[in-house]
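Each chain gets a letter, A, B and so on, in the order its sequence line appears, and its residues count up from 1. Below, all heavy atoms of this structure are taken into account, side chains as well, without hydrogens, waters or symmetry copies. Because the structure is a prediction, the values reported are computed rather than measured.
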Amino acid sequence: MKALGEIARFIGGEMRGDGSASVSRVVHPALAQGASDLAFVLSLKELSVLDSGRAVNAVVPAGTGSLTIPNQIVVSRPRLVLAKLTELFERPVYVVQGIHPLASVDPTASVGQETSIGPFCWIGPNSRVGVCCRLVANVSVGAEVTIGDNSLLHAGVCVGDRCEIGSRVTIQPNATIGGDGFAFVTREPGSVESVRKTGEVRNFNIEIVRINSLGNVVIEDDVEIGAGTCIDRGTLGETRIGRGSKLDNLIQVGHNTRVGSNCLIVAQVGLGGSSTVGDRVVIGGQSGVPDHVSLGSDAVIYARSGITGPVPEKAAMIGIPALPLREFMDKEVKMRRLPKLIKDLQRQIASLAEKLNSLLPPK
Amino acid sequence: MKALGEIARFIGGEMRGDGSASVSRVVHPALAQGASDLAFVLSLKELSVLDSGRAVNAVVPAGTGSLTIPNQIVVSRPRLVLAKLTELFERPVYVVQGIHPLASVDPTASVGQETSIGPFCWIGPNSRVGVCCRLVANVSVGAEVTIGDNSLLHAGVCVGDRCEIGSRVTIQPNATIGGDGFAFVTREPGSVESVRKTGEVRNFNIEIVRINSLGNVVIEDDVEIGAGTCIDRGTLGETRIGRGSKLDNLIQVGHNTRVGSNCLIVAQVGLGGSSTVGDRVVIGGQSGVPDHVSLGSDAVIYARSGITGPVPEKAAMIGIPALPLREFMDKEVKMRRLPKLIKDLQRQIASLAEKLNSLLPPK
Amino acid sequence: MKALGEIARFIGGEMRGDGSASVSRVVHPALAQGASDLAFVLSLKELSVLDSGRAVNAVVPAGTGSLTIPNQIVVSRPRLVLAKLTELFERPVYVVQGIHPLASVDPTASVGQETSIGPFCWIGPNSRVGVCCRLVANVSVGAEVTIGDNSLLHAGVCVGDRCEIGSRVTIQPNATIGGDGFAFVTREPGSVESVRKTGEVRNFNIEIVRINSLGNVVIEDDVEIGAGTCIDRGTLGETRIGRGSKLDNLIQVGHNTRVGSNCLIVAQVGLGGSSTVGDRVVIGGQSGVPDHVSLGSDAVIYARSGITGPVPEKAAMIGIPALPLREFMDKEVKMRRLPKLIKDLQRQIASLAEKLNSLLPPK
């Protein structure tokens with residue numbers, strides 16, 4: 001139970017009503033009922049589902065007007081307040097204390113103080129896990145891996161040999177860090193090279209030779225990696241995810257790729273091999289970045305964009321192929337107008353023809 | 001071995017030939033040979049690969065005409081018959097009896113009668129698994145999870161704390177139920193907000209703050225979840241998959257999203273956070289639905305569609321951006337016609353100019 | 001440590017400088033420093049990051065011109081040389097010797113000589129694993145599975161009952177082989193059938209019936225399967241990946257699908273159920289192939305293509321919907337020209353109108 005007055009102070013809101021009232025959980029406005037629920041109202045739209053007969057306590061955005069809810073905390077920038085509220089009421093993942101008897105930690109590996117290693121987790125030889133880490137269950141950590149302090153690896157995560165994971169990193173279930181890169185070469189120039197040169201398939205991929213991945217993956221501090229996301233190791237060097245970047249679920253990060261700091265990459269994006277992403281880049285869901293292409297810092301890529309070439313800093317890109325936002329809009333407007341323009345022309349020509357015919361001598 | 005006459009009765013077909021003949025398996029027509037194989041012919045096209053010299057027994061669609069196969073079961077709606085046939089000849093996944101000695105069931109968890117818990121499965125504290133469930137191997141079930149009766153969790157499945165799984169639910173390998181939502185906010189308005197307002201990146205994502213996921217995932221009865229699919233937990237409330245809905249592989253379901261009942265969602269679809277999908281909606285593979293967007297009941301979304309706004313009930317949508325099917329077709333036809341229309345105009349203008357020039361006094 | 005002269009012979013390059021010098025690792029040119037590093041320079045572009053003051057040994061492409069690096073191996077087709085170099089310097093995944101005490105091998109299963117079965121790996125009844133295989137950790141292998149010789153299953157891989165895996169196959173972490181196909185049918189003709197016939201949703205998916213997957217997955221020799229990739233089992237027969245084909249991460253392969261030999265399929269591609277892919281086909285990332293559609297041998301599909309119908313042999317396809325490369329380019333050029341063509345027409349008409357007006361009697 002937490003007192004509303006305390007909560008108001010923590011989230012930087014203005015208390016109206018009884019600040020000594022206590023709540024046990026924060027809920028969606030549609031679910032709020034009774035004295036122990038604190039409804040969190042993100043927007044005016046959500047206000048409509050708040051039942052003022054059942055809800056007793058609510059966090060509401062400034063400018064909401066008068067409400068009959070007895071206890072209110074009025075806030076600005078409610079999404080940021082939501083972050084603080086969920087920090088206050090966090091429900092951390094359950095982990096065992098210490099090393100579970102059905103975990104397997106190689107005798108040459110080291111595990112820091114207060115680190116939890118759940119059932120069926122494996123830590124390979126010479127790996128080092130820092131303090132206060134949590135490996136939930138069925139986590140595989142290969143050989144010579146390093147994991148910093150306070151990192152959380154959810155169930156089913158696989159980390160390959162020699163990868164380096166920073167501190168305060170969160171990896172969601174079933175993510176793969178350090179699979180081998182998809183790197184192959186044909187003994188003779190193959191079909192893709194021929195299409196690039198001639199526009200036609202004139203060569204064939206007779207024999208495919210594997211390029212092994214000797215490198216690793218480096219994940220810097222404060223990174224979050226989503227469920228099912230796959231980050232391949234570098235060929236000779238590293239694949240790197242920069243400090244504070246957040247990757248959603250089911251993302252593909254190719255080998256040698258470098259993602260800068262504080263990026264936000266939404267689900268099902270594909271980053272080709274050796275691509276580079278600057279700092280603070282936002283990439284919408286299901287977008288694709290080809291091999292060897294770079295995105296400048298602070299670029300914003302809309303969802304489902306198909307990037308085809310380098311993107312400058314601060315560019316907003318959209319579409320397939322992706323264009324700068326304004327260029328895309330202009331082009332859309334232009335193309336959409338064409339049928340009407342042509343109809344206008346047809347009419348003008350018909351009228352000209354008529355006039356012209358009136359000048360011609362009758363047949 | 002099952003008698004053809006019995007099979008005919010079960011699948012609602014008409015027996016022609018020896019109903020007492022017995023078969024041990026049902027096979028693709030190309031593979032059928034000998035007395036113990038029952039060929040299943042889905043369509044006239046498949047009939048061509050049925051070798052009447054080798055096949056002895058076949059299920060064939062009505063209207064096939066005369067065949068030399070000795071024993072035939074004639075059916076209508078063959079795809080539905082296939083479902084019944086595969087029910088009759090089902091080959092259930094292998095599971096151990098009871099709780100495997102190398103499984104880990106928390107002492108506070110409860111496991112129903114006749115439930116199988118395979119090797120390296122973990123059931124966290126206070127979780128309850130119903131009767132006749134099957135957890136194949138390497139399945140992680142966190143704390144305070146409930147699983148109904150007769151549900152099947154294949155190898156590698158991860159279910160996070162507090163999630164609720166109904167009865168007769170099937171979850172394919174390596175799926176993740178209850179990863180954290182991808183929910184972040186910048187302390188000050190960031191690049192995406194600035195692009196939305198001004199079309200340009202004028203603000204930068206200086207500091208990214210995490211919104212924790214306090215909610216859970218609820219999967220209702222008779223749902224099927226595909227391999228590698230990820231369903232994130234709600235922020236304050238739940239993410240819900242409605243009764244009887246079927247999700248294919250590698251699908252992303254964002255936090256707070258609600259999918260109705262009896263939906264069919266094909267592989268690699270992405271459903272954004274807080275999106276809602278009505279009942280009986282069909283979504284083709286690789287389509288995307290943005291955050292907060294709703295699809296009405298009975299909508300049909302073609303494969304690879306990029307939904308951009310709310311979709312009404314019973315709408316058929318296609319394209320990027322997705323349009324109603326007929327509008328899309330009309331637009332396609334219109335655009336495709338433009339080059340020819342312009343050529344016509346050029347010809348008409350040339351002819352007008354010629355006529356006009358003949359009227360002008362010679363220079 | 002390996003001598004440069006030996007390396008030069010192995011990769012087929014020309015030694016310049018001291019062939020008796022030894023190196024311990026091969027690195028990206030930006031990282032090369034000191035006598036034990038061998039810099040690998042893929043292209044002239046990479047040459048610029050090679051610090052000739054720090055690097056002592058380098059593999060360089062022919063035609064590079066004179067360099068101050070003391071020891072050089074000059075090569076042609078450097079990408080192929082990279083493959084050989086990474087073979088020479090391979091850093092194989094760490095695996096335990098023999099069967100780990102915390103692995104579970106069913107007493108009826110057989111495991112070949114020199115095969116490693118890591119911690120928390122499960123081999124189901126009657127399965128047979130060949131010689132010199134490596135199952136890293138947390139690998140689930142169901143019942144009646146066969147795995148050839150020298151195959152490598154990384155951590156978290158799930159292989160379902162009755163699947164057949166060849167020799168020298170590599171499966172990256174968290175891949176799923178043999179999930180059930182996504183095969184359902186409505187009892188009465190449903191919404192999709194109605195849209196196909198009428199363009200509108202007039203029927204509803206009242207009841208969804210499951211078609212069980214009785215078949216399996218066959219993975220031929222020398223195949224590589226990427227992390228998180230899902231290959232569903234066949235309905236009655238098999239889903240097959242042909243000899244030497246390489247699949248990247250997070251790919252969906254539907255039930256009954258057949259992929260030929262030596263294909264290269266890039267990340268996040270979706271292959272619909274019962275689709276067929278010929279030999280030596282290349283499919284770019286995030287592309288989709290619908291159910292029942294076939295791609296001819298040696299076809300090259302660009303990234304993010306939406307295939308909509310059968311693709312002939314040796315075709316190069318691009319776009320959504322995908323068109324042959326040249327047709328796509330022609331169409332693009334044509335469409336892009338339209339606004340200018342229309343402007344031209346407007347100008348011509350205005351000039352005609354002016355001329356014509358000069359001929360008309362003044363009002």
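- Contact annotation for C:I320: only side-chain heavy atoms (C-beta onward) come within less than 4.5 Å of a heavy atom of chain B.
- Looking at heavy atoms from C-beta onward, C:N256 lies out of side-chain contact with B:H28 at the 4.5 angstrom threshold.
- With a 4.5 angstrom heavy-atom cutoff, B:P324 does not touch chain C via any of its atoms.
- At a 4.5 Å heavy-atom cutoff, the contact between B:R91 and chain C is made by backbone and side-chain atoms alike.
- Side chain of B:N174 to backbone of C:N174: a donor-acceptor contact under 3.5 angstrom is found.
- Of the atoms belonging to B:R79, heavy atoms from both backbone and side chain fall under 4.5 Å from chain C.
- Contact of B:Q172 with chain C is made through the side chain alone, with heavy-atom distances under 4.5 Å.
- Proximity to chain C is limited to the side chain of B:N357, based on heavy atoms less than 4.5 angstrom apart.
- In this structure, the portions of C:R187 lying under 4.5 Å from any heavy atom of chain B include both its backbone and its side chain.
- Using a 4.5 Å cut-off between heavy atoms, B:I265 touches chain C through its backbone atoms (N, CA, C, O) alone.
- Using a 4.5 Å heavy-atom cut-off against chain C, the contacting residues of residues 81-90 of chain B are B:L82, B:A83, B:T86, B:E87, B:F89, B:E90.
- For C:D106, the part lying under 4.5 angstrom from a heavy atom of chain B is the side chain only.
- Contact annotation for B:E224: only side-chain heavy atoms (C-beta onward) come within less than 4.5 Å of a heavy atom of chain C.
- For C:V141, no part lies near chain B; criterion is any non-hydrogen pair under 4.5 Å.
- Only the side chain of C:L341 comes within less than 4.5 Å of a heavy atom of chain B; its backbone N, CA, C and O stay farther away.
- Two residues are said to be in side-chain contact when any heavy atoms from C-beta on lie closer than 4.5 Å; B:R77 and C:P189 meet this criterion.
- Residue C:E238 does not touch chain B at all, counting heavy-atom pairs closer than 4.5 Å.
- If you measure heavy-atom distances from C:P290 to chain B, you find no contacts under 4.5 Å at all.
- Of the atoms belonging to B:L102, it is side-chain heavy atoms, and not backbone ones, that fall under 4.5 Å from chain C.
- With a 4.5 angstrom heavy-atom cutoff, C:A137 does not touch chain B via any of its atoms.
- For chain C, the nearby parts of B:L80 are the backbone and the side chain; heavy atoms of each come within less than 4.5 Å.
- C:V159 does not touch chain B: none of its heavy atoms, backbone or side chain, sits under 4.5 Å away.
- For B:Y94, the parts lying near chain C are the backbone and the side chain together; criterion is any non-hydrogen pair under 4.5 Å.
- Both the backbone and the side chain of B:P339 have a heavy atom closer than 4.5 Å to some heavy atom of chain C.
- Residue B:A303 does not touch chain C at all, counting heavy-atom pairs closer than 4.5 Å.
- The closest side-chain heavy-atom distance from C:C158 to B:H154 is not below 4.5 Å.
- Proximity to chain B (any heavy atom under 4.5 Å) is shown, for C:N205, by both the backbone and the side chain.
- B:M329 does not touch chain C: none of its heavy atoms, backbone or side chain, sits under 4.5 Å away.
- Contacts between B:V93 and chain C at a heavy-atom distance below 4.5 Å involve backbone atoms as well as side-chain atoms.
- In this structure, chain B has no heavy atom under 4.5 Å from any part of C:T308.
- Looking only at distances, no side-chain donor or acceptor of B:D298 sits under 3.5 Å from a matching main-chain atom of C:F204.
- The backbone N or O of C:L250 lies less than 3.5 Å from a partner atom in the side chain of B:Q268, making a donor-acceptor pair.
- No part of C:E207 comes within reach of chain B, as not one of its non-hydrogen atoms sits under 4.5 angstrom from that chain.
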